Amino acid sequence: MSAIELTQLITHILYLSIFAVTLLAAFRRATRTNVDIALFFGLAAFIILEQRLGSVLSLASDVRGPATTAVAAGLPYALLRLVDDFSEVPFWGLRLAEIGFVAFVVGAFVLRPVSPGYLTLYTLYFLLLTIYASVVFLREGRRSAGVTRRRLQAVGAGSVLLGLTAAAAAIDVLIPVEPVTTLLTQFFALASGVAFYFGFAPPAILRRAWQEPELRSFLAGAARLPRLPDTLAIVREIERGAAAATGASARLALWQETEGVLRFWQEDLGSRDFRPTGFAGKAFMERRAIYSSDVWRDDAESAAMYRERGILSILAAPIVVGERALGVLVVYSRRAPIFGDDDLALAQLLADQAAVVLENRALIDEAARVRAHEEATRLKEDFLSAAAHDLRTPLTTIVTQAQLIQRRAEREPQSPEELSGIRRLVSEARRLNALVVELLDASRAERGKLVGARKRIDLASLVRDVASSRAGDQRRVFVDADGTIEGDYDEARIRQLLDNLIENALKYSPAEGAVRVKSWREGSEARIAVEDRGIGIPPEDVPYIFDRFRRGQNVDDRRFTGMGLGLTICRGIAEQHGGRIWAESRLGRGSTFYVALPVARDKPATVER
Amino acid sequence: MSTEVFGRTILVVDDDPSILATVSEILESEGYDVRTAANGKEALAAVERERPSLVLLDMRMPVLDGWGFARGVRERGLHVKILVMTAAESARRWAQEIGADDYLAKPFELTDLLSAVDRVRHRN
């Protein structure tokens, strides 16, 4: 086999395998572009097979010659159609090419034998179309990025080399300079085959290599993205990066959980929300990247919007972190994608990176929120503590001085008006005093410093004591606390806890409503229950009733004074004893507050601080 | 009746003049003989001079604080009951630390003051 024959064989194998690959692609996804690509290589394959097998099949040579010429005339026309698929060819250009095609097909059969004039015109037609196609491919390649760019450049090179092949073949026929013209023809044919191979059927390793620079530059940019001041700035950067990497326009939408919409941000910082029904919504909902080369048809609902913006093709890739879809990355273009699958893979890669960036951002935001919250809480604590602290000394003076004046006024009555005024003064000063004490206790409860030294006491007798001191003046408090329940408690604080609960029960129940106080032992726990038949607590408020400054929504603040810290303090006392406090309530029927405290084991605990 | 076992002289120690004035006035209205001091140093001198039965003691004061005063009392072998009267949350703890007889946490009311004084008076 001579070198020329070997070259020819390689060229033929290349073209035939490209035909196989493109035919498969056209079957898998019968887009116009894919069909036109397969058609182009189909024609090439026909010519090759005719050359190789024609003699074997012993077809009449007077049919074979013109047929090949006619089919070859179809090559540049098919190429032009392909160009038209993604970059519109002027109307007259297409028509002229069609007329030329028909003329050359007819000429191939009629003008026999082939005249030099026909061949010259034929070659010029071939060259013109392939060079035009090449220019368009290269131009589009410059506008694209990544794999698409390299593939378009390869196709552009292939086109011009195909034209040169035809020219060299014509020269070889008209003015053969052996072996230069033949060699040249074979060389151009092989080169065009290689170029088309890279363009239309690039191996995976090449695709990855071509994708790398764009992906790398996007990733380099992405690394600093989470540090940007706000999410919108990050969205903008991802869009910019995705646009640069794909050579198209890119938009990122974030899913708004509460509204159930995908939100896009406009150039003017305004935002537009979309229900996840359209094309982007489909990618988002189905969690897979999809593309449409004709979105006017595939997303009819929003066709008007796409038309208005001149968008023809769309690629949408979901941004997914684990099980959660954060949003969708949309890459759109005014032209159909020639290599949609590559762009789709790239878009999904970019969307995955966007997911990482956004998730990082969310984590950073969350951490900042937690820090800010902790800081705010600490400030509040410090403020409460400092304010209450400094209030105490002047308050002590005011209260005691006012009480002293009241006492004197009561002993030596002057004008009754003055006495009632003094009483008001005393009562308000005492109220203020109680509020400060409440505030301080709450602040201590918060810091776990509420409970002081504990001693072994009988909880049941303490309950009887506190309850009966209430029962004495109110005649509404019933006690059921038999026996003894020994434990190590801060007596003053447990007394305060019981007082608070009974006070609350009386406060929130009608004047004649009974309040029952019970204590009993349950396993290794002492239990206390304070039950009323009062207004109750709305179910939605029950979980928060022990939080600071919380009261049931059904509580009239004008009727019930106090800061709403009483239950917070109660919880602090219970928990700092290693116990629990909880409430059960039915709106309008009353509430029961339960306290569980640990009881004594064997020996009395040493006094703790 | 209890005046036989408990002298009528009380020393009030606080760096806040308004507390000093009010507490003095209240105790005086109850018939006590009240002396005042603005810090621990003054208080030690007053205890030696006046021999009060009870000291109402603020803990945080300039010059010499409540701890210093208590140490001074011990070192000089003075015998006086101490009622800690302080704005700190740790009134009880501090009272324990210096071996005081009782404590009164600010803010307090007139009756709190009188009953605390009564408690200490009736304690041996």
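Owing to the predicted nature of the structure, the values given are computational and were not obtained by experimental measurement. We name chains A, B, ... by the order of the sequence lines, and we start the count at 1 in each one.
One distance of note links CZ of B:Phe108 with CD of A:Gln403; it measures 10.5 Å at 0.5 Å rounding. Taken from OG1 in A:Thr397 to CG in B:Asp16, the straight-line distance is 5.5 Å, to the nearest 0.5 Å. Between atom NZ of residue B:Lys106 and atom CG of residue A:Leu391 there is a gap of 13.5 Å, rounded to the nearest 0.5 Å.
Proximity to chain A is absent for every atom of B:Leu20, based on heavy atoms less than 4.5 angstrom apart. The parts of B:Ile26 that come within reach of chain A are both its backbone and its side chain, each placing non-hydrogen atoms under 4.5 angstrom from that chain. With a 4.5 angstrom heavy-atom cutoff, B:Glu28 does not touch chain A via any of its atoms.
Not a single ring pair (Phe, Tyr, Trp, His ring centres under 6.0 Å) links B:Tyr103 to another residue, sequence neighbours left out.
B:Glu109 and A:Thr400 make their closest contact through C-CG2, 3.7 Å (heavy atoms, listed as atom of the first residue, atom of the second, distance). Summarising the geometry of A:Leu404 relative to B:Leu110, their closest heavy-atom pair is N-CD1, 3.5 Å, with the distance given to 0.1 Å. Closest non-hydrogen pair, B:Ser29 versus A:Arg408, comes out as CB-NH2, 4.0 Å.
Remark: A:Arg430 CZ is loosely packed, at most 12 non-hydrogen atoms of other residues, nucleotides or ligands lying under 6.0 Å away.
For the pair B:Pro107/A:Val399, no side-chain contact is recorded, criterion being any heavy-atom separation below 4.5 Å from C-beta on.
Counting heavy-atom pairs closer than 4.5 Å to chain B, the top-ranked of the candidates A:Asp490, A:Leu395, A:Val437 is A:Asp490.
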